[in-house]
Amino acid sequence: MSGDDNRTRFVVRTDRVPEQPASRVGEQRPGLLRSEDHDLCPGCGEPVALRMLLEAIEELGLGQDSIGVVGIGCYTALTTLMDIDLIQALHGRAPSVATGAKRMRPDKLIFTLQGDGDMVNEGLQEVIHTAARGESVTCVLLNNGVFGETGGHMTATTVIGQRTKNTPEGRDAGYHGHPILVTDIIAGLGGTAYAARCGVYDAAEISRTRRILRRAFETQQKGVGFSFVEILTMCPTGWFVPTAEGPEYLDQVLGSVHRLGEVKVDGKLVQS
Amino acid sequence: MSGDDNRTRFVVRTDRVPEQPASRVGEQRPGLLRSEDHDLCPGCGEPVALRMLLEAIEELGLGQDSIGVVGIGCYTALTTLMDIDLIQALHGRAPSVATGAKRMRPDKLIFTLQGDGDMVNEGLQEVIHTAARGESVTCVLLNNGVFGETGGHMTATTVIGQRTKNTPEGRDAGYHGHPILVTDIIAGLGGTAYAARCGVYDAAEISRTRRILRRAFETQQKGVGFSFVEILTMCPTGWFVPTAEGPEYLDQVLGSVHRLGEVKVDGKLVQS
Amino acid sequence: MECEIMLTGIGGQGIQLAAQILARAAVHEGLQVMYLGTYGGTMRGGQTDATLVVADERILAPPLVSHVGSALAMHHAFFAPIETKLRAGAVVLINESVFEGDIAGRDLCVLRVPATAMAADLGHPLGACMVLIGAFAAATELVGIESLLGGMRESIPAYRRQNLDANEKALREGYGQLEAGVASLRAAGGKA
Amino acid sequence: MECEIMLTGIGGQGIQLAAQILARAAVHEGLQVMYLGTYGGTMRGGQTDATLVVADERILAPPLVSHVGSALAMHHAFFAPIETKLRAGAVVLINESVFEGDIAGRDLCVLRVPATAMAADLGHPLGACMVLIGAFAAATELVGIESLLGGMRESIPAYRRQNLDANEKALREGYGQLEAGVASLRAAGGKA
Amino acid sequence: MSRTQRRGPDKRRGPVKRRGPIQSRGTVTIDVERCKGCELCIPACPPEVLVMSTRRNSMGAEYPELEPGCTGCGACLLVCPDFCFEIFRYEEPVLHEASA
Amino acid sequence: MSRTQRRGPDKRRGPVKRRGPIQSRGTVTIDVERCKGCELCIPACPPEVLVMSTRRNSMGAEYPELEPGCTGCGACLLVCPDFCFEIFRYEEPVLHEASA
Amino acid sequence: MTRRLMEGSEAIAEAAVVAGCRFFAGYPMTPFTELLEGMARRLPAEGGVCINAESELEAIGMAWGALATGARAATGSTGQGLALMQESLSELTRSELPLVLFNMARGQADYYQATRGGGHGDYRHIVLAPIDIGEAVALTQLAFDLADRWRNPVQIYGDYLLAHTSEAVAVERLDFAPLPTKDWAVDGSLGGSGASRNINPIGMTKGSKGIEPESFWKRLQAKHDEIAAAEARYESEHTEDAELLVVAFGTVARFVRYVVAGLRAEGVKVGWFRPITLWPFPAQALAEAAAGAARVAVLEQNAGQMIDDVRLAILGAAPVIPIGGISSDEAGFGIGPLLDVDVIRDRIEAGLAGREVPR
Amino acid sequence: MTRRLMEGSEAIAEAAVVAGCRFFAGYPMTPFTELLEGMARRLPAEGGVCINAESELEAIGMAWGALATGARAATGSTGQGLALMQESLSELTRSELPLVLFNMARGQADYYQATRGGGHGDYRHIVLAPIDIGEAVALTQLAFDLADRWRNPVQIYGDYLLAHTSEAVAVERLDFAPLPTKDWAVDGSLGGSGASRNINPIGMTKGSKGIEPESFWKRLQAKHDEIAAAEARYESEHTEDAELLVVAFGTVARFVRYVVAGLRAEGVKVGWFRPITLWPFPAQALAEAAAGAARVAVLEQNAGQMIDDVRLAILGAAPVIPIGGISSDEAGFGIGPLLDVDVIRDRIEAGLAGREVPR
Ligand SMILES: Cc1ncc(C[n+]2csc(CCOP(=O)(O)OP(=O)(O)O)c2C)c(N)n1
Ligand SMILES: Cc1ncc(C[n+]2csc(CCOP(=O)(O)OP(=O)(O)O)c2C)c(N)n1
Ligand code: SF4
Ligand code: SF4
Ligand code: SF4
Ligand code: SF4
Ligand code: SF4
Ligand code: SF4
Ligand SMILES: [Mg+2]
Ligand SMILES: [Mg+2]
């Protein structure tokens, strides 16, 4: 409520469950969330993506049949929230770790959770090799176009014009080079069965994120090849934008280059 | 001459220059070849590619304005033959080394010479990042689909069905995964200005290899972005085929997957 | 002469800027100076401390000090660990407008300045830290007002130039407020 | 008992196979054995040597030996370095059909076998090495003919089964050729 | 025009005032202590019944308050990075008197 | 059908015999000591005038010999991995008597 | 069990399989390649997996994942490839994963790398250096046991000659004391909430925010102290009355043993000492073995690395002199002029006489 | 020159630029990130280049290329990132390229990594450990000089506090003895045939087939022996009559110096010794400084690494006792409880009294 509006308002009590007969719609927190307490910045998109990830696993009933492999970035701090068996990988190395785990536990859902810095900078070849090998794992990329954790510098996915700590005027193709559209590369590989890109900038797209994650996991369960989900997430801190402008910036700036939608389904390219 | 033909034949003397008036057509060895003595296997395609590389540089008059950065593979042994300033990089690291050299010597032609094991296995992300960054260097890949130097094992470019030391029955997609078509990935990156694939299986294609290398180098000289040349080369030793069958195996087995031709010219994709 | 100063407050109060201004003021005075800021996470309202060592020769003290000769407390929230480090006779400046609770009655020279209130009166509510370091400078005579103003000008980034005048006013206000009291302070044996 | 044997030849003569057959024959005899092959590059006609140590207890000799009690020379090209390693009284078998040059007249027991010619006579020109190790076994009694044949059968890969008979013939031929001469050799004081 | 732009630039300034009694088909609980004040929930709410408070929680963050008219759609829950919301749908819609 | 296949499977067995005097528009020199006997030059020669010898060089490799009919096209030079060839074009074609 | 002529690499692969290794990943590099090939040949038949990883970094990552699920897993390379793995080797140790790591080295110049690590931070690997194939077969099995027992990586330090020499061996399964169950591993079944786990190298505990490096690292350090006290292994001969004690490890020790045996036969008072574990270095045993010696000579095939540990063990009680040196062949495989019993005999005699030896 | 309040990272960046560094590449990692930012801010204006490399492996590759052309170039990271660079660090040393490497470490647990390397083979880097920003400014410039002089990498071992503390400094260009021209570098002009060169780590010489590792490595070893003899640097105080000599390096030494000064003021007979070069370790100077001491105490912020070098220097002449230990904060940046003058005073007093100190 901005300061120009000092009139009394009618506010509904929200500090306790309603007195009138009502049914709870969904859970406040997914069943696989062990705690909701985290130190990520206000307006960060990563916890939102995490919720969808956990819900997708829950929907498939795989909470007790999953191993996650987590990279190093802000989302690493979310591992204490995840009520799933996890392996903490080094920066960039999650896809190989997932490979080793899958080969020894072929009956489990094995997924990675990595950021763009982790996956597209430090460990780009890991995910490409894993996909080409047709490894039956799912790699999940949280792409905010910055190294959030270390202060918001440009990554290999930062789109032209995007503000970061070291591109305060926006990334310039001539000086800083071009972004890598990793989902498109992954989708082009023979071993990839499923690849899609989604975002967490509004409720509808967030719901789609869950559906896409589900389809990726189902692909893994079918054993037909590698599956990949890129989720665009807000990093207002690294972008130096107010938290409330995060979703719009995500959609317009990042989303216009990293185009959303399914790119490969059942081993076939579905987008041009 | 096979054993069934014991008739006397007329054989032209080839141990000295002809007595009849004649002009030398081309040089026996390129001007930038310091020696022609090497220990690579009989029928290896790498020295053939090397000849084209040196001739292309020579044609552009850049023999005294070039720095090559060489990876680790059988071709490493060819460095003593090259009359060009060189930097020997570690396995997989040549593109970054080339980047550093180019930034300090922007006026020089900087190229890498790498094998598929070097570039597409050990150092895949190096070349992708360098290309995406639009680095003004030329990366040259000698692709034989095997680690020749260490005994002919499968690499990330080995095509389905190809024989290698550890795929004696041919690479199987289900078991060994799929090959990476690296030129296509490179061509798709924003920083790439030129990308092409060629081979050394016959004289015409060998000549085209020289022209393609020239175009790549010219692209670098124009300063419009990254340039890339993949040259398919025979490795009869790693493929366990007779030397004489190398070119055919190259063309039919490798060439049918890694399709030859220019893929990106002046920053525009030219193949579907 | 080697004196250790710690500043404490909560995120958003301008503690690091204040410490940098003091540090640069000391440089103006030809002194040696060492400064280290520490933050307790990224959240608004979190801990933010600064350690300053000023000396007239090569500084011996390590960057993390265990004993301090003076302290500036903009807020009480994270003052406790600093309190245990105070040397006997330490000078402690308190932002009286905000600071809650007492300071254990030891051999300390505690000066209470209603910094936030004074800054608000100047129409520059974010200038409370300026008031406090102005007062500190006057109280300890570690640096003069001109050095303080110089340090302030060097510490404000170009895109914040609009704050220069208001900051100057706040610094002078704090400085002036305490100048009067200095004589009595010295008589009381306080040392910076 | 610990005896070192070196085999030398050029690429394509089958030196490594011969060494492996001897090694496996020794295993048949219940002996300890160590074998190391060395190659001088990939080219046809290049150096190819093998070192074998056979003992009845744990082998003490390191894998690279500096002194050898016996040598088999299929070719002269790379014999020189081995010649310097020969112990006094060493047994040296020479493929007389190919070997050019002399062996310095020291306290050696040199046996010349026309191995290549004999193999060719058997219609199995690539079996010269078999002839030579057959002769070696007979000369030194290190392993018996049955062990040699067993070692040979284990050393030939499945896809080369067609060579088994010819190899057996060559081994027996070499063994037989020397058997007669053994008594005289022993009398001459040669030791393996 | 992008999807987010379509929602209009003024949304985070709070809801448009409406007249007459307002019906809530649902409601939410908000764990305001966990709220970091990011304001993502404000424009996410289709009936625009979430408004940032002027008060702050103990972490110093402003948090959302609910005005009448919630549909129980759950959008706020989906967008909130700090797991503050719980959603309820009334068996019978509840009527509130609108503010002046 | 691939480009290499098109050249026919029998090429490395040597040239087809021709009758009558044969004209050479060019010739080559071959550094046989450097040859590793890979036979790549044999099928590369368009007029099929290169034939593997039955002799071996000091490395033990068979090497190519030239029969009449060379055009000086240079294909052999291009394909040889061991830099064995040098190409000459005669000012006047040279005639050879073919073998029986 | 019947003995079979086996190359070192093949025998080690067989021993690993017999020890229950079910996952292997590696990238070719001489002389490690044959071990990789051996594992690729053997594992599938045992229901195991061998991946030709696309690089060394990926190989160790794969092993990491396999280990975390509780499998016995291994990787390896030669020095260069291990250099690339250093970050993982360091952090995997902190994750307390029981990796077995095969270093088929090119000589002995990776002693520092093996014993001090090149990763960051305080960590140690148990390092076993076999003298011959027979011992390699035993130590490989011991490596898997020790790794599980301590939840700590164990390295086998081999070399070109160990990998490429053949001997007649019978690979028999060795029995070790029972091991605790791997109740720290993840099999994916503990989510929601069977009390899910997070195997990590930074002391994170599920459900509690943040990390506690201090207590975590101190606990690891205490474990390493325990290992150091418990696991030092060595072999020695002729030490009682030796005037000169020669210290060497691995294949080089095999040469030394031979030369010393020859000298002893001639009545020369020389003994030898061989650390079997390079870490923990058998310092106390060495100090005791050297007690009566006038001089201690270190023969290593490098510019002088293990000599640090020898000096740290002897601490000035006797002069410690280097009699080894860099020694390589043209291919750089570490088969240089030093690997010659005559050369070594000369050097030992120089050591006996107190003469300096050119390195 | 006027002094300016500068953060350590900024001052080091400035010093590098003043020393003629014209190329930098790095990948962010706390507390190295600010140095990278400083170089990115400063270099373009000087006609230099700073690349935000996509990973540490790529960063060191880029520096390699720049160095090979004769430029002054640097990179860096913290321990983990340097672990990833180990193969390059080892081979680049053999390529004799004058890299300057900034290790902004998280504590002192990378001592082994810095002094023994984690790469393969025999090689050494000169390692300079500044005690404060002023010295860091000087040592950074010295690093570029030494690197060029010896054609050998030089590491600056800093830490979080050095990077993040600000001091008033004037970054003035230091003069060093003239250097030989870089007639070994490649500028691309020597082809066809100005006698082209190949800068390589394996002793390849253009025109001659094959490599000669043996002679090549021996030559490098001789160079390292020369460096060891020439470049050891240290600082010490109150050593003459000290009963206890405390050895510490870097930021920790700053704490020790302060505490010892306090104890001396109280008449306690304690001295301190600080290696400025961690390699070459000033062994002889330390032995001399410790000559009269009853005990030598080593205070390092790790589980005990430098203590090896101290023991190797003293060789049993006096008992060497560890009084440091692992010490980290919750973020793992190495700012633990040990960094407290009171704690250190306690430990030094324990050392004086011969009491054991919990690690
Ligand atoms: C080898 C290595 N290099 C650098 C770092 C420092 N580091 C930690 S997190 C991070 C960036 C992570 O970026 P991203 O994966 O995009 O995650 P985000 O923080 O944006 O969520 C970096 C560079 C590291 N941990 N390890
Ligand atoms: C880090 C590292 N790992 C492994 C090796 C061993 N190695 C040397 S060459 C080579 C294969 C090279 O393959 P490629 O680049 O395709 O060249 P080719 O031999 O086929 O020409 C390998 C694996 C190495 N030198 N460095
Ligand atoms: S820095 Fe960015 S990615 Fe990291 S927690 Fe903050 S908003 Fe999220
Ligand atoms: S192994 Fe293959 S690539 Fe290497 S030299 Fe032989 S043929 Fe050429
Ligand atoms: S449930 Fe829907 S209508 Fe209700 S507050 Fe949330 S977003 Fe608004
Ligand atoms: S989205 Fe959540 S954290 Fe953000 S303002 Fe709304 S309730 Fe608070
Ligand atoms: S030059 Fe042409 S025609 Fe003559 S031999 Fe060579 S390939 Fe044949
Ligand atoms: S191509 Fe060259 S090496 Fe091969 S056979 Fe012909 S001449 Fe000999
Ligand atoms: Mg990111
Ligand atoms: Mg290859």
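Within every chain, numbering begins at 1; the chains are lettered A, B, ... in the order of the sequence lines, protein sequences first and strands thereafter.
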Tell me yes or no: between the side chains of [X] and [Y], is some donor less than 3.5 Å from an acceptor?
X: H:E231; Y: H:W150; result: yes
X: G:Y112; Y: H:R124; result: yes
X: H:T93; Y: H:H125; result: yes

Where does [X] contact chain G at under 4.5 Å (heavy atoms): side chain, backbone, both or neither?
X: H:N103; answer: neither
X: H:Q80; answer: both
X: H:E91; answer: side chain

### Message
Looking only at heavy atoms and a cut-off of under 4.5 Å, which of H:D309, H:D122, H:L315 has the most pairs with chain G?
### Response
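The answer is H:D122.
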Taking [options] one by one, which has the highest count of heavy-atom pairs under 4.5 Å against chain H?
options: G:G336, G:S327, G:G332; value: G:S327
options: G:G79, G:G121, G:G81; value: G:G121
options: G:H224, G:R311, G:H120; value: G:H120

### Task
Select one option (side chain, backbone, both, neither) describing which atoms of G:L220 are under 4.5 Å from chain H's heavy atoms.
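No part of it gets close to chain H.
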Flag, side chain of [X] to backbone of [Y], donor-acceptor distance under 3.5 Å:
X: G:E56; Y: G:L82; answer: no
X: G:E214; Y: H:S328; answer: yes
X: H:Q86; Y: G:Q86; answer: no

